[in-house]
Amino acid sequence: MKIKDMFKKGKTVFSFEVFPPKTTSPVETIYQTLEPLSDLKPDFISVTYGAGGMGQKNHTAEIAAVIKHNYNIEPVAHLTCLSYSKEQILSMLEELKANDVENILALRGDRSPTVKPLGEFNYASELVSFIKRNGDFGISGACYPEGHIEASSTVDDIKNLRTKVMCGAEHLISQLFFDNSFFYDFLEKARIAGIDVPVQAGIMPVVNRRQIERMVTMCGASLPQKFTKMMQRYGDYPDAMFEAGIAYAIDQITDLLSHGVDGIHLYTMNNPEVAIRIYNSIGSLIRLNKQE
């Protein structure tokens with residue numbers, strides 16, 4: 001089933017993101033994450049792609065196939081392009097097709113100081129067009145409520161996003177954010193620009209200090225006063241920070257659902273306990289939105 005079709009009835013779509021185990025760990029360790037997540041019956045589960053890691057390519061397709069065939073949940077395979085040739089991308093598409101994976105999240109990929117871009121793909125929109133020409137896949141794309149960290153302005157970022165959609169992206173998942181007003185403002189601007197595909201809000205539950213310092217450095221998300229005060233008060237106390245981070249994410253999601261967002265995409269960081277705790281708090285809201 002194509003992800004875009006999950007939104008046709010206007011119901012709230014709820015999904016998770018997982019990532020392949022490190023290359024030093026058996027791929028089967030992912031089952032410890034997938035088993036409890038599958039019990040929550042998400043609409044789909046996306047599987048990330050290791051930046052520049054050819055060794056993780058097979059894991060992504062393999063895990064996506066397990067999600068589909070073992071758990072009967074639709075998978076979305078992440079695919080990056082900055083460091084790959086068209087021939088390599090074609091090979092990856094064939095692998096996904098062979099594993100019955102119908103949906104791809106097309107990404108440019110982060111720039112790496114150790115992996116040189118090949119220059120055959122420079123933007124995610126180019127990958128979207130390439131996938132569109134070379135297979136019958138559902139294509140999702142990323143969006144950035146506060147603008148891409150490399151964009152010259154939010155206006156240019158919206159223009160680039162519109163190009164990505166015109167090239168064939170049928171569904172968008174947002175980068176993490178901690179202030180819902182950024183998401184609402186972004187969504188209004190996107191709709192004005194003619195971007196009419198479903199947009200899911202990407203939520204990252206922050207349950208330890210190291211996690212947030214790393215993520216903010218990578219994506220540039222703003223930290224509202226409410227969030228920084230939480231970090232200052234509980235950041236040095238792991239148990240308290242865990243509870244506070246979950247509570248913050250639940251508050252964000254509840255507000256988003258009350259505003260009628262198209263969907264929620266939860267960045268699980270392969271921690272099923274976090275996903276379970278959050279779903280147990282907002283599951284009735286998700287189910288209500290699916291029944292309306």
Side-chain angles (χ1 to χ4, degrees), residues 17 46 48-52 78-86 89 104-133 139-204 206 211-228 252 256 259 261-263 265 267:
E17 176 186 284
S46 72
T48 66
Y49 190 90
H78 293 215
L79 185 59
T80 65
C81 64
L82 194 61
S83 301
Y84 295 100
S85 67
K86 292 179 180 179
I89 295 293
I104 296 172
L105 177 57
L107 304 163
R108 185 200 68 177
D110 296 327
R111 297 189 184 278
S112 169
T114 59
V115 182
K116 184 178 180 180
L118 289 186
E120 295 194 28
F121 295 96
N122 296 301
Y123 304 102
S125 57
E126 295 172 349
L127 177 60
V128 170
S129 295
F130 189 79
I131 295 171
K132 193 77 173 177
R133 295 194 304 268
I139 307 174
S140 300
C143 59
Y144 304 86
E146 298 181 61
H148 192 281
I149 196 168
E150 296 178 21
S152 59
S153 68
T154 54
V155 172
D156 282 343
D157 194 51
I158 291 288
K159 289 180 179 178
N160 294 335
L161 182 62
R162 186 170 183 269
T163 297
K164 191 188 302 185
V165 170
M166 291 176 66
C167 287
E170 306 159 331
H171 156 242
L172 300 171
I173 298 175
S174 89
Q175 177 61 274
L176 62 91
F177 57 92
F178 300 105
D179 183 339
N180 287 1
S181 64
F182 283 115
F183 182 81
Y184 300 138
D185 183 58
F186 157 78
L187 194 58
E188 181 181 10
K189 291 176 180 175
R191 298 311 188 204
I192 291 172
I195 299 170
D196 59 358
V197 299
V199 180
Q200 277 187 275
I203 297 298
M204 168 73 77
V206 177
Q211 179 187 8
I212 186 57
E213 290 173 348
R214 174 175 166 272
M215 293 307 300
V216 170
T217 299
M218 289 178 61
C219 71
S222 299
L223 302 181
Q225 186 180 48
K226 178 181 177 181
F227 186 92
T228 55
Q252 266 196 283
L256 289 162
H259 279 76
V261 294
D262 294 326
H265 189 64
Y267 297 111

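Note on ring orientation: taking the six-membered ring where Trp is involved, the planes of Phe227 and Phe178 are tilted (angle from 30° to 60°). The aromatic rings of Tyr267 and His265 sit perpendicular to each other, their planes meeting at more than 60°, with 30° as the lower class boundary.
The shortest heavy-atom contact between Tyr144 and Phe186 is O-CD1, 4.0 Å. Nearest heavy-atom pair across Phe183 and Val261 is CE2-CG1, 3.8 Å. In terms of heavy-atom proximity, Ser46 sits nearest to His78 at OG-NE2, 3.2 Å. Between Glu146 and Thr154, the shortest heavy-atom contact is O-CG2, 4.2 Å. Closest approach of Ala106 and Ile131 over heavy atoms only: CB-CD1, 3.9 Å. Contact between Leu161 and Ala142 at its shortest, heavy atoms only, is CD1-O, 3.7 Å.
Taking NZ of Lys164 as the reference point, atom CZ of Arg108 lies at 10.0 Å (rounded to 0.5 Å). For the atom pair Leu118 CG and Leu82 CG, the distance stands at 8.0 Å (nearest 0.5 Å). Between the CG atom of Asp110 and the OG1 atom of Thr80 there is a distance of 9.0 Å, given to the nearest 0.5 Å. Rounding to the nearest 0.5 Å places OG of Ser140 at 9.5 Å from CG of Leu107.
Here the side chain of Ser174 pairs a donor or acceptor atom with the backbone of Gly202 at under 3.5 angstrom. Of the possible donor and acceptor atoms, none in the side chain of Asp157 sits under 3.5 Å from a partner among the backbone N and O of Ser153. With His148 contributing its side chain and Glu150 its backbone, the two residues share a donor-acceptor pair below 3.5 Å. Looking only at distances, a side-chain donor or acceptor of Asn180 sits under 3.5 Å from a matching main-chain atom of Gln252. Formation of a donor-acceptor pair under 3.5 Å by the Glu170 side chain with backbone atoms of Ile139 is found in this model. One N or O on the side chain of Arg162 and one on the backbone of Ala193 form a donor-acceptor pair closer than 3.5 Å.
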Carefully, step by step, assess Leu187 and Val199 under the rule side-chain contact (heavy atoms from CB on, under 4.5 Å). CA-CA 8 Å; Leu187 194 58; Val199 180; 3.9 Å; yes

Start with the C-alpha distance between Ile89 and Phe130, add both sets of side-chain angles, then the distance that settles side-chain contact (heavy atoms from CB on, under 4.5 Å), and finish with yes or no. CA-CA 9 Å; Ile89 295 293; Phe130 189 79; 3.7 Å; yes

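At least one side-chain heavy atom of Ile203 sits under 4.5 Å from a side-chain heavy atom of Phe177. Contact annotation: the side chain of Ile173 approaches that of Gln200 to within less than 4.5 Å [non-hydrogen atoms, C-beta and beyond]. The closest side-chain heavy-atom distance from Leu172 to Val165 is below 4.5 Å. Counting heavy atoms from C-beta on, the side chains of Ser222 and Asp179 never come closer than 4.5 Å.
A salt bridge links Asp262 with Arg191: the distance from a Lys NZ or Arg NE/NH1/NH2 to an Asp or Glu carboxylate oxygen falls below 4.0 Å.
Counting heavy-atom neighbours within 6.0 Å of Gln225 CD, excluding the residue itself, gives a total of 12 or less.
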For residues 119-128, run the donor-acceptor check on the side chains, cut-off 3.5 Å, and write out each pair with its distance to 0.1 Å, sequence neighbours left out.
residue : atom : partner : partner atom : Å
Glu120  : OE1  : Lys86   : N            : 2.9
Glu126  : OE1  : Asn122  : N            : 2.6
Glu126  : OE1  : Tyr123  : N            : 3.4

